[in-house]
Amino acid sequence: MHDLNADLHCHSRYSDGTLTPKALAERAHANGVALWALTDHDETSGLAEAEAAAQSLGLDFLAGVEVSVTFAGETVHIVGLGFDPNDLALREGLARTRGGRLTRARAMADGLAQVGVGGAFEGALRYVSNPELMSRTHFARWLVDTGVCSDTGSVFRRYLSEGKPGFVPHRWAGLGEAVRWITQAGGVAVVAHPARYKFTVNEEFALFSEFKAHGGQGVELLTSSHGHADTIKYTGMAQEFGLLASRGSDFHSPHESRIDLGGLPDLPAGVLPVWQSLAHRVRRAT
Ligand code: AMP
Ligand code: MN
Ligand code: MN
Ligand code: MN
């Protein structure tokens, strides 16, 4: 149970991944994943397709989502697992969170035009498969394919991270709101990739305390953007705050992602896996 090859974080074409839910299910299965969740950004439309594909492969599946949240002026991602995708409050909350992405994308393109990169909105739009979910990743793909930058990492460094010409501050969901949407729909809320946030020690403590106070239950220890030291640090935080441990590749694309579906190491010892509390929510292959 502890060393299950669970991959509980990845993206399909319904947000900023390049593969269909079915192709992701096949890839997860082929790579030895035993429990899989699809976690598109602010979007649950791919879950029915993902579950059907998982069922036909004999792969255990959990509903998932990655909610964009604003906390202490920064964007934080909260992964929801094992909720009821038909829950109305969750659906409405996510729809509101998606709203404004197109306006933001136009403002991003204006910022890029001011530094000489014209046509970015139309360019990025060509990479978008879900019109409600235009993300920075789509701009990054266009900037790489047109030769402005050599890889997505340098696009983010030069153009799309805070303070850079294509970055537009955006107000996402509140932390408490996002945690409530997930938990009241019967799911478990998990802090995604905690090492990626640029918080002070005090802000990070506030994030974990408030997350827990709102009913959040888990934290990702293993994910593609975490190094070994990050895993050790957040294992300590999980123990300190009494949080369950999660594990997910955050896979987006065969060409861009450093770690493939199912490619993470086992959870460290001394933590409880989040899937232990989600057994009743697993959509088992029949
Ligand atoms: P958005 O939700 O539009 O702000 O886009 C956020 C997405 O951009 C993340 O989910 C990642 O897929 C991608 N992203 C953020 N930072 C980086 C980075 N440094 N390198 C590559 N992709 C990134
Ligand atoms: Mn993404
Ligand atoms: Mn994320
Ligand atoms: Mn993600």
Side-chain angles (χ1 to χ4, degrees), residues 6-21 24 27-28 33 36-47 50 62-71 74-81 94 97-98 101 104-105 108 124 127-130 132-144 151-153 155-156 159-162 166-167 170 172-173 175 178-179 182 189-199 204 207 211 216 218-226 230 234 246-264 274:
D7 196 324
L8 306 180
H9 188 156
C10 70
H11 299 272
S12 77
R13 290 170 56 79
Y14 286 89
S15 65
D16 61 349
T18 62
L19 301 184
T20 61
L24 287 168
R27 194 174 180 100
V33 172
W36 175 56
L38 173 66
T39 57
D40 277 311
H41 295 286
D42 310 320
E43 178 62 273
T44 53
S45 303
L47 294 179
L62 281 169
V65 68
E66 182 175 20
V67 187
S68 312
V69 158
T70 301
F71 182 83
E74 276 259 12
T75 299
V76 166
H77 286 168
I78 301 295
V79 162
L81 297 170
L94 293 177
T97 309
R98 289 193 298 273
R101 273 191 180 263
R104 168 188 183 241
M108 287 171 62
Y127 292 76
V128 173
S129 36
N130 175 357
E132 282 190 34
L133 220 116
M134 195 157 177
S135 98
R136 287 186 287 164
T137 312
H138 301 110
F139 283 86
R141 291 194 181 123
W142 176 74
L143 286 161
V144 170
D151 57 81
T152 51
V155 177
F156 277 87
Y159 294 108
L160 299 181
S161 49
E162 192 159 358
F167 183 85
H170 192 78
W172 303 107
L175 178 66
V179 172
I182 295 162
V190 173
V191 178
H193 44 62
R196 276 186 38 189
Y197 312 124
K198 294 180 187 68
F199 285 136
E204 185 174 68
L207 170 68
F211 173 73
V219 58
E220 279 180 357
L221 301 184
L222 292 162
T223 181
S224 60
S225 52
H226 277 192
D230 299 321
Y234 291 101
S246 194
R247 177 179 188 276
S249 57
D250 205 358
F251 182 82
H252 282 70
S253 152
H255 308 293
E256 294 163 7
S257 295
R258 206 170 50 82
I259 295 201
D260 206 336
L261 281 158
L264 289 168
V274 70

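Heavy-atom basis, side chains included; hydrogens, waters and symmetry copies ignored. What you see is a predicted model; the values in this text were computed from it and never measured. Order of appearance sets the numbers: ligands from 1, and atoms from 1 within every ligand.
Per residue His77, closest N, O or S atom to the Mn ion (ligand 3): atom name ND1. The minimum distance between the Mn ion (ligand 3) and any N, O or S atom of His193 involves atom NE2. Among heteroatoms of the N, O or S kind in Asp16, OD2 lies nearest the Mn ion (ligand 2). Take the N/O/S atoms of His41: the one nearest the Mn ion (ligand 2) is NE2. Of all the N, O or S atoms in Asp250, the one closest to the Mn ion (ligand 4) is OD1. For Glu66, the N/O/S atom at the shortest distance from the Mn ion (ligand 4) is named OE1.
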| request: Mind running side chain to side chain contact (heavy atoms under 4.5 Å, CB included) on Val79 and Ser246 for me, showing each step along the way? | output: CA-CA 10 Å; Val79 162; Ser246 194; over 6 Å; no

| field | Residue pair Leu160, Phe167: steps toward the side chain to side chain contact (heavy atoms under 4.5 Å, CB included) verdict | value | CA-CA 5 Å; Leu160 299 181; Phe167 183 85; 5.9 Å; no

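For His226 and His193, the ring centers sit 6.0 Å or farther from each other.
For Arg13, the CZ atom sits in a loose shell: 12 or fewer heavy atoms of surrounding residues, nucleotides or ligands are nearer than 6.0 Å.
Between the side chains of Ser224 and Asp250, no donor N or O sits under 3.5 Å from an acceptor N or O.
Tyr14 has its side chain out of reach of Leu38: every pair of non-hydrogen atoms, C-beta onward, lies at least 4.5 Å apart.
Note: angle at the Mn ion (ligand 4), from NE2 of His9 to NE2 of His11, is 100° (rounded to 10 degrees).
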